[in-house]
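Start at 1 and go down the list; that is how both ligands and their atoms are numbered. Because only heavy atoms are used, hydrogens play no part in the values below, and waters and symmetry mates are left out as well, while side chains stay in. Each residue takes its place number in the sequence, starting with 1.
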Amino acid sequence: MRKVGFIGWRGMVGSVLIKRMIEESDFSDFDSYFFSTSQAGQKNPEWNISFKNETLIDAFDIQELSKMDILMSCQGGEYTSKVFSQLRNIKWEGHWIDAASTLRMKEDSLIVLDPINKKSIDKAYDSGIKNWVGGNCTVSLMLLAISGLLEKNLIDWVSSMTYQAASGAGANNMRELLIQMGQIHSSVSDDLDGHNLNILDVDNKALQAMNSEKFQKSNFQVPLAGNLIPWIDEDLNNGQSREEWKGQSETNKILAIDFNPIKVDGLCVRIATMRSHCQALTLKLNKNIPIEEINDIIANGNEWIKFIPNKKEQSVNLLSPAQVSGKLNIAVGRVRKLDIDQNCISIFTVGDQLLWGAAEPIRRMLKILINKGNSK
Ligand code: HSE
């Protein structure tokens with residue numbers, strides 16, 4: 001059995017990953033070793049799986065790490081920056097699977113999203129690639145939503161306007177969003193109990209609470225509840241945010257397109273939802289295809305698509321974070337031809353940022369590596 005070491009399994013993405021692995025009985029296929037950056041020597045978590053390590057192993061111990069055939073890190077970019085090159089410098093030849101973005105655009109790494117790029121994964125494996133990195137959540141979720149159109153080479157360009165959940169910013173940000181919601185409610189709860197029927201007055205009180213010194217915003221720096229933030233990740237000083245830059249760069253890396261890249265651009269916006277990212281896409285197709293055919297192609301793109309017909313009731317009830325969070329479905333709807341151009345269509349898509357947006361592609365990559373090893 002191959003030795004697989006896990007780092008960062010206690011964090012948010014790590015926890016979602018482990019939960020999925022237990023659901024799919026993945027742990028029976030290899031020997032598992034659990035590492036910790038802060039609790040080496042302490043007890044293993046209380047899960048019903050078999051641990052090869054008696055106590056947690058030091059995640060900074062390069063010798064211990066190098067005994068693994070595969071390392072799976074959800075520990076974050078800082079850890080990857082510290083540890084990865086030390087391992088490669090001592091000629092560790094194992095596979096490194098990572099949820100962090102640090103190594104994503106490196107030449108000797110592949111961004112993994114196997115429903116889209118299984119052929120590239122196979123080719124990279126055969127050519128000796130050993131670094132496998134999960135993609136940016138909006139990019140992975142978008143590619144899954146439009147996989148049918150991609151497969152048929154129908155896309156000229158994509159504009160993606162995102163509505164990104166708090167989870168993309170981290171667990172503390174999710175907590176802060178809920179605290180902010182509570183603070184706004186507390187500021188007007190008496191009024192809502194029927195003592196004040198003047199909604200403009202109530203709204204003004206809520207606004208004052210959001211903009212007061214006491215409002216909790218140490219993570220987001222500004223209110224997210226009752227608000228939105230039209231910038232995600234660094235300022236690249238060319239008008240684009242790093243999150244927006246990832247759209248085209250990662251899409252084309254995943255699709256292994258070197259020349260004539262598919263153009264992808266748009267604005268990335270954080271909104272007050274918990275863990276599902278939404279995207280309003282405008283696509284320019286390279287052909288004028290009837291809408292019924294477009295619907296079929298999108299709906300049959302992959303087994304996770306939940307296609308929602310472009311009707312008011314279904315869209316309102318099914319095409320939302322409240323319906324999709326916690327599920328592996330990629331909801332896709334609001335598909336219609338835009339009046340601006342016969343070849344332009346709209347799509348609205350919703351996907352869980354922690355599942356297909358983070359944990360699922362790397363969980364499946366581990367499975368792919370284990371299967372490849374077993375078939376040798
Ligand atoms: N960068 C994403 C976000 C999450 O901020 O929502 C990670 O892919």
message: Using 30° and 60° as the class boundaries, would you call the ring planes of W9 and F34 parallel, tilted or perpendicular?
response: perpendicular

- prompt: Less than 6.0 Å separating the ring centroids of F6 and F27?
  reply: yes

- request: Anything with a heavy atom under 4.0 Å from ligand 1 counts, so go ahead and list those protein residues by chain and number.
  value: N136, C137, Q164, G168, I232, E243, R270, H277, Q353

- request: Sorted by first residue and then second, give each ring-ring contact (aromatic ring centres under 6.0 Å, His included) pair with at least one member in residues 277-310; sequence neighbours left out.
  value: W304-W356

query: Excluding sequence neighbours, so at least two apart, what forms ring-ring contact (aromatic ring centres under 6.0 Å, His included) with Y33?
result: none

message: The criterion is side-chain contact (heavy atoms from CB on, under 4.5 Å); which residues satisfy it with Q240, sequence neighbours excluded?
response: L236, N238, E244, W245, D265

- request: Give a yes or no on whether the ring-centroid distance for F60 and Y79 is below 6.0 angstrom.
  value: yes

